[in-house]
Amino acid sequence: MFAARYVPGKKELSLVDIPKPTPGPLDVILKIRAAGICHSDLHVLHGEVPYKETFTMGHEACGEVVEKGSEVTENYSAGDLYAVHGPNPCGHCNYCRTGHDNLCNDPSRTFIGLGQDGAYAEYLKVPARNIVKVPKGISPEIAAVATDAVLTPYHAIKTKGGVGLGSKVLAIGLGGLGMNGVQIALALGAEVTAVDLKDANLEMAKSFGVQNVLNSKQISSLQPLSFDVVVDFVGLESTFKDAQNFVKPGGTILLIGLGSAQVPLTTATAITFETKVQASFWGTHVEMQELYELIEQGKIKPQVQTAPMKEVNHWLHELEAGRIKSRMALLP
Ligand SMILES: [Zn+2]
Ligand SMILES: [Zn+2]
């Protein structure tokens, strides 16, 4: 089968022909219908995450179950879509058993498509416990990108940020995650202000119902210390500084963006105002089920472009150059 594989030291994926995977007793084989590309792929290709092994990349997967292991009792119907919970938790450690499976600390687990074979291929082997049924009516490409680009902001904003009815939320950055994030905050009943450098993104946010939008250049016109929750989707020194300026005393900064390796915290202000800085990572299996319901109800409309999977290297370059508007899914 076709697969696009990461080879340590290479800056591009190798497009190769490899054997189709066979399931272990507790696995299923998905015929991939769509696979999202993500900045995390670029971090790996740039050598920032030093994987020593060769593996098929792609951690945002949606497909149909075409084969299952001898001990899998669940029945799957042809044509039904399943999405993969990329953190690939073990299911039995303390974190997994207490609903924090995004933080699974089983030393032997690796993420799907990041350290072990992922979705840039015709078929993917995955533990049956780590797939989630996609409601009918949701396309494979939306289901695929939702596993990260919706799940990550959903976990951050709802679970870690406690955003709810009447929360005043400032969203910094309207890329793939940010554009979904503002819709999630709205669905939770928040009053949302969004800032971005691109006016087109601001227009789109407005069309989703965001109450206040403004260009990042005008951010100083906002009232300092006035937001319950500030979501930094960018994670640069400058955006994290803005987050500290606009979060209210006792409020929460949600750090999601990996824009720079470090961000500075102004200790005197953070201490005086008891600012909570909450980092957030991906999301849980249960949250994945919840967010597909929100997508099904039309409360979140993830924006996604599609392209043939064999063009993966081209589209990773486009992603790097900032030429992908929101998110992109590759189709085999
Ligand atoms: Zn990702
Ligand atoms: Zn675990």
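Since the structure is predicted, the reported quantities are computational estimates derived from the model, not experimental observations. Counting starts at 1 for both ligands and their atoms, following the listed order.
Restricting His59 to its N, O or S atoms, the one at the least distance from the Zn ion (ligand 1) is NE2.
Between SG of Cys96 and SG of Cys90, the angle at the Zn ion (ligand 2) works out to 110°, rounded to 10 degrees. Here the angle at the Zn ion (ligand 1) defined by OD2 in Asp148 and SG in Cys38 stands at 120°, rounded to 10 degrees.
For the pair Lys310 and Phe2, the cation-pi criterion (under 6.0 Å, within 45° of the ring axis) is fulfilled.
For Cys104, the nearest N, O or S atom to the Zn ion (ligand 2) falls under 2.8 Å.
Salt-bridge formation is not detected for the pair Lys168/Glu191: no Lys NZ or Arg NE/NH1/NH2 atom is positioned less than 4.0 Å from an Asp or Glu carboxylate oxygen. Salt-bridge annotation for Glu74 and Lys68: absent, with no side-chain N of the basic residue lying under 4.0 Å from a carboxylate O of the acidic one.
Checked by atom type, the side-chain pair Thr110/Gln116 shows a donor-acceptor distance below 3.5 Å.
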